[in-house]
Amino acid sequence: MSDLEKPLREKKPKTWVDWAVQFRWILVIFVVLPVSKAFDLWAYWGDIWSASKSEKQRQKEHDENVEKVIKRLKSRDPARDGLVCTARKPWIAVGMRNVDYKRARHFEVDLAPFRQILEIDADLMIARCEPLVNMGQITRMTVPLGLSLAVVAELDDLTVGGLINGYGIEGSSHIYGLFTDTVVAYELVLADGRLVRATCDNEYSDLFYAIPWSQGTLGLLVAAEIKLIKVKPYMKLTYTPLVGNLQEIAQGYNDAYIPRDGDQDNPEKVPEFVEGMVYSETEGVVMTGQYASKEEAKAKGNKINEVGWWFKPWFYQHAQTALKRGKFVEYIPTRQYYHRHTRCLYWEGKLILPFADQLWFRWLFGWMMPPKVSFLKATQGDAIRNYYHERHVIQDMLVPSYRVGDALEFSDREFEVYPVWLCPHRLFKTPMKAMISPEPGFEYAGRPGDTPYAQMWTDVGVYYTPRCVFKGEVWDGSAAVKKMEAWMIEHHCYQPQYAVTELNERDFWRMFDASLYQRCRDKYKAVGTFMSVYYKSKKGRKTEKEVAEEEAKISENGYNDIETE
């Protein structure tokens with residue numbers, strides 16, 4: 001779309017908040033970065049200590065902590081104590097949403113001790129983890145064994161619990177689906193204090209399919225069993241430039257992992273990893289990866305790029321060089337590849353520290369990167385927090401892959417944000433219709449990438465400040481998000497709930513399917529104990545009236561009184 005087709009906007013007068021955001025790097029360098037590094041070192045040694053324990057000892061501690069959760073939950077007085085949620089501080093969450101429900105009355109249950117990897121079973125190819133295990137922690141343990149989770153979300157700090165109750169994706173998702181599609185069992189404490197294990201084929205199978213995207217509103221997750229796969233030490237990564245209009249870029253991206261002959265399950269035709277980045281209305285790069293042995297990576301003529309070193313160029317900028325140098329291939333150590341976006345937080349690091357991508361900063365201070373999102377949120381205050389909601393975009397649009405071009409054009413028109421991230425994923429048909437599902441009748445449409453059991457989708461990730469904001473123009477972030485959400489509802493698309501939403505309750509349930517979720521809320525006595533997912537996702541602080549209405553809800557079974565014995 002040309003600039004002439006984009007709306008003309010008025011200039012916006014600068015306020016003190018604009019200046020505070022512009023010079024926030026001072027606080028980040030002298031406070032947030034050192035504190036982030038200290039916290040990381042503390043967590044690292046804690047992980048080493050945990051890993052040194054026997055599996056028997058870790059399980060014993062897990063069982064003791066579960067008993068504490070059950071005891072705490074049973075001590076709650078529904079008439080006095082408010083609805084149940086975890087005791088994590090509102091600013092700790094990695095997502096953009098500010099966990100406003102915790103600013104109102106609530107009953108806290110502490111899950112902080114649940115950050116151990118309980119078992120790595122190389123025979124059954126299962127990793128059993130507690131919910132606060134993060135991606136950096138799990139890859140540190142598994143990759144040296146030649147194993148990995150089937151889907152490893154890119155940022156180190158993303159946790160198992162967050163990826164299950166919320167949303168998780170990676171460049172392997174076009175094969176394995178979303179993070180929750182790789183989970184084989186959930187262990188939860190329900191509202192009545194029961195500890196249950198839900199799988200796809202046991203008596204709690206309905207709960208198994210209802211947990212994803214439920215935001216912890218059906219029970220308290222205390223462990224999960226997750227699928228492992230065998231991996232090799234290196235990722236052979238091919239960078240391919242894409243040039244043309246947005247529809248042509250989208251087609252080039254789809255062609256990178258969708259065989260034209262429809263042979264979508266053939267590993268010889270489908271790469272193991274896929275990722276796209278769109279840098280402007282006319283330029284993008286698609287990357288495809290295959291696991292490679294050490295012998296192959298170190299063969300004569302091959303280039304190894306250890307992107308994880310603190311002084312290396314940021315990954316998205318390195319990938320962009322393909323637009324000038326043309327298609328090229330290199331080998332990246334597997335664990336470094338998994339976390340390629342951590343150091344620069346995709347490209348958000350450029351906004352937080354405008355000079356942090358410069359060579360001098362990378363060599364001198366890059367070892368402290370990235371600042372932890374939680375500490376950034378803890379130091380921003382309400383004024384800056386609201387500024388980011390109104391003048392910044394962190395949204396994902398989950399769209400069927402044949403709509404990627406349309407989504408890119410919508411983003412260009414409404415957000416004017418670049419780069420844009422593209423990551424494909426399968427959306428599987430399931431025996432029970434969950435909160436998100438493929439388009440009705442997709443299996444009969446015969447579209448490229450689809451199979452009888454799954455539809456191919458793509459995450460169109462829009463994370464940055466719009467161009468018009470950089471120009472000092474007026475831009476209404478709330479209105480733009482409302483337009484995006486209306487477009488997504490119209491086209492059967494989904495918005496991950498970590499993002500700031502403008503949806504009212506009616507439209508929220510037009511986007512997501514409430515049937516199985518609500519049945520499980522009733523069946524497992526979550527209503528009147530745990531908050532509803534819309535209540536947790538809704539933007540803004542909760543009023544006393546909203547809190548009272550949410551607490552007063554009971555199911556048609558009338559189970560608001562929980563057994564306390």
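Please read all numbers here as calculations on a predicted model, not as lab measurements.
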Under a 4.5 Å cut-off applied to non-hydrogen side-chain atoms, are [X] and [Y] in contact?
X: Gln395; Y: Gln495; result: yes
X: Ile352; Y: Leu345; result: yes
X: Val69; Y: Leu111; result: yes
X: Arg343; Y: Trp314; result: yes
X: Pro241; Y: Leu323; result: yes
X: Leu398; Y: His425; result: yes
X: Phe410; Y: Leu246; result: no
X: Pro131; Y: Leu221; result: yes

Is [Y] paired with [X] through a side-chain N to carboxylate O contact shorter than 4.0 Å?
X: Arg115; Y: Asp47; value: yes
X: Glu281; Y: Arg467; value: yes
X: Arg362; Y: Asp357; value: no

Would a line drawn from the ring center of Trp213 to the ring center of Tyr517 be shorter than 6.0 Å? no

Run the numbers on Phe375 and Val28 for side chain to side chain contact (heavy atoms under 4.5 Å, CB included), then give the verdict. CA-CA 9 Å; Phe375 294 145; Val28 173; over 6 Å; no

Sequence neighbours left out, cut at 3.5 Å: what donor-acceptor pairs do the side chains of residues 30-38 make with other protein atoms?
unit_1, atom_1, unit_2, atom_2, d
Ser36, OG, Val32, O, 2.7
Ser36, OG, Lys372, N, 2.9
Lys37, NZ, Trp367, O, 3.0

Check the orientation of Tyr239 and Phe315. Use parallel for under 30°, tilted for 30 to 60°, and perpendicular for over 60°. tilted

Taking the six-membered ring of Tyr337, is NZ or CZ of Arg340 closer than 6.0 Å to its centre and within 45° of its axis? yes

Applying ring-ring contact (aromatic ring centres under 6.0 Å, His included), can you list everything that pairs with Phe365, at least two apart in sequence or on another chain? Phe361

Would you find more than 12 non-hydrogen atoms of other residues, nucleotides or ligands less than 6.0 Å from Trp42 atom CH2? no

Check whether the side chains of Thr458 and Ser401 place a donor and an acceptor atom closer than 3.5 Å, and report yes or no. yes

